Chemist: 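Quick one: this structure, given as structure tokens, is what I'll be asking you about.
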There are 2 protein chains.
Amino acid sequence: MPSISKENYLKAIFIGNRADKKPLTTTEIASRLEISNAATSEMARKLADSGLIKYEKYKGLRLTKKGERIAVNVIRRHRLWELFLLKVLKLNWAEVHDEAEKLEHISSEKLIDKIDEFLNYPKFDPHGEPIPDKNGELPNLPKTIKLSETEIGKEYFVIKVDDSSNELMNYLTKIGLKLYEKIKVADKLKFDNSVIIMLKSKQINLSKKVAESIFVSESSINLSRN
Amino acid sequence: MPSISKENYLKAIFIGNRADKKPLTTTEIASRLEISNAATSEMARKLADSGLIKYEKYKGLRLTKKGERIAVNVIRRHRLWELFLLKVLKLNWAEVHDEAEKLEHISSEKLIDKIDEFLNYPKFDPHGEPIPDKNGELPNLPKTIKLSETEIGKEYFVIKVDDSSNELMNYLTKIGLKLYEKIKVADKLKFDNSVIIMLKSKQINLSKKVAESIFVSESSINLSRN
DNA sequence: TTACAAAGTTAAGCACACCTAAAATAATTA
DNA sequence: TAATTATTTTAGGTGTGCTTAACTTTGTAA
Ligand SMILES: [Mn+2]
Ligand SMILES: [Mn+2]
Ligand SMILES: [Mn+2]
Ligand SMILES: [Mn+2]
């Protein structure tokens, strides 16, 4: 069992994984974890020694199968906790991430499976991110586009939101925007690239930055595993 | 906020607190936490420096008001988690303690309050130990005696069990003995000091050691706060 | 009351995970 | 290609919490 710190590195590497499949740089990991480059280089060596990543000096790093299994498991624990905290214990949208960030490292497999069962094997976390199942399989991702790239006049379902800012989560909560809600794009302003949506007959103007953090789809999705 | 390690010391000091009110020795703490005497001496100095305990070399230590507040809070978190894991997530009697041992250190006040609310402000944990409320107040303890000290022929309610051994918890689960169950003392053998009880018309022989780990009362108790 | 044993503390050192500053390597620009 | 700049690694160091071994204090028994 890797330490809390090592689990965080593995998770960061998995999530930082790029579309182009190129290895990640130690610098990218360092900035994601908000620690020094030096610490990351050192840890890279250790993780490579224990076979959790492949790492060549100056050439970046990538997860091995073994490292990926652990990373995916940490992510499973994180996302299940997030959903559990929101749905069962009624913490709010902005609070669940930070709490899950700690819980993900200290929950036994058994406890996590119980939570999974309690929630009836959910496919997505409170931000719309996929939850790996017990075998590490991720559900199929719904095809989404950014709210900033939608067409005026059309209706969409909110499928995912960027979870990296508590402030954004609080704002979305305040205006009453939730996952799986239906919205209509009323207008888009060329002036500042903001998007005006209709949410339950309320009209809301969302800035470019906010609109780029909300992912929508024209069709709704199936939430539970078959 | 003290570190996980410091929280464990404070909790151990609180729980180890003796009836005679004499200060605890560093050796007692060390053995309870299964670490060396040396580590405990060193930590005693640090805890004293931050005003969490009073400590005089060679004279033992005791909690200050400030240290006690933290200790009681850790215990609150531990016991609420234990009950939550058992009642809501259906972990079993023998599993909850070890899991709570980790969760107690990383849960926010808010999360713990939500759990407290979810459980409807319970007074006792799954082993019959009192749960401190948000203000650190402990509920009144029911008066109990050891099962080994009961009278033959009388009926009792199981009020508390010693939670220090997973094996014992598993054994009690297997024979179907639960908290708040009514039992009748059928016989006590002088030969080995074992106690024979009737539990739901089943007759069970409990060794001296087991009988000394079970605490009973002649009257049942009120479980929820007022 | 002294000698010895037991209990408790200090000393020295280790693993972990981080830091800053210096050095090495790679990438870019002239 | 050489010089310059940017990226990445190594060197040296820190704080926490632990260890074993040596030493000090306290309690007990001769
Ligand atoms: Mn999250
Ligand atoms: Mn999430
Ligand atoms: Mn316990
Ligand atoms: Mn308990």
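Sequence lines set the chain letters: A, B, ... in the order given, protein chains first and strands last, and positions in each chain run from 1. These numbers come from a predicted model, not from an experiment.
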Chemist: I'd like to know if the side chain of B:Thr40 reaches the main chain of B:Ile29, judged simply by a donor and an acceptor atom lying under 3.5 Å from each other, with no hydrogens or angles considered.
Modeler: no
Chemist: I need the CD1-P distance between A:Ile4 and C:dA17, as an integer number of Å.
Modeler: 9 Å
Chemist: Between CD of B:Glu68 and CD1 of B:Ile13, what distance do you get to the nearest 0.5 Å?
Modeler: 11.0 Å
Chemist: What nucleic acid atoms does B:Ser41 come within less than 4.0 Å of, heavy atoms only: base, sugar-phosphate, or nothing?
Modeler: base
Chemist: Look at the rings of A:His97 and A:His127 and say which category their plane angle falls in: under 30° parallel, 30 to 60° tilted, over 60° perpendicular.
Modeler: perpendicular
Chemist: To the nearest Å, give me how far apart CD (B:Glu28) and C1' (C:dA6) are.
Modeler: 15 Å
Chemist: Among residues 8-27 of chain A, which contact DNA chain C at a heavy-atom distance under 4.0 Å?
Modeler: A:Tyr9
Chemist: Would you compute the distance between atom CD of B:Glu212 and atom OG of B:Ser207 and round it to the nearest 0.5 angstrom?
Modeler: 8.5 Å
Chemist: Return the value, rounded to whole Å, for the distance between atom CZ of A:Arg45 and atom C1' of D:dT8.
Modeler: 14 Å
Chemist: Answer yes or no: does a side-chain N or O of B:Lys6 lie under 4.0 Å from OP1 or OP2 of D:dT16?
Modeler: no
Chemist: Round to a whole Å and report the spacing from CG of B:Asp49 to P of D:dT16.
Modeler: 11 Å
Chemist: What string of B, S and - do you get for nucleotides 19-26 of chain C, 5' to 3', when a contact is any protein heavy atom under 4.0 Å?
Modeler: BB---BSS
Chemist: When the distance from CE of B:Met43 to C1' of D:dG15 is rounded to whole Å, what number comes out?
Modeler: 12 Å
Chemist: Whether the side chain of B:Thr64 engages the backbone of B:Gly51 through a donor-acceptor N/O pair (distance < 3.5 Å, no angle test) should be reported.
Modeler: yes
Chemist: Roughly how many Å is it from CG in A:Leu61 to C1' in D:dT8, rounded to a whole number?
Modeler: 12 Å
Chemist: Starting at CG of A:Leu111, measure out to CD of B:Glu99 and round the result to the nearest 0.5 Å.
Modeler: 4.5 Å
Chemist: Calculate the interatomic distance between B:His105 atom NE2 and D:dT16 atom C1'; express it in whole Å.
Modeler: 16 Å
Chemist: Among D:dG17, D:dT10, C:dA17, find the nucleotide with the atom closest to the side chain of B:Ser3.
Modeler: D:dG17
Chemist: Output the rounded distance in Å from CD1 (A:Ile29) to C1' (C:dA17).
Modeler: 17 Å
Chemist: How about A:Ile70 and A:Leu63: do any of their side-chain heavy atoms sit closer than 4.5 Å?
Modeler: no
Chemist: To the closest 0.5 Å, what do you measure between NZ (B:Lys102) and CG (A:Leu103)?
Modeler: 11.0 Å
Chemist: Got a second to check how far A:Ser107's OG is from A:His78's NE2, nearest 0.5 Å?
Modeler: 11.5 Å
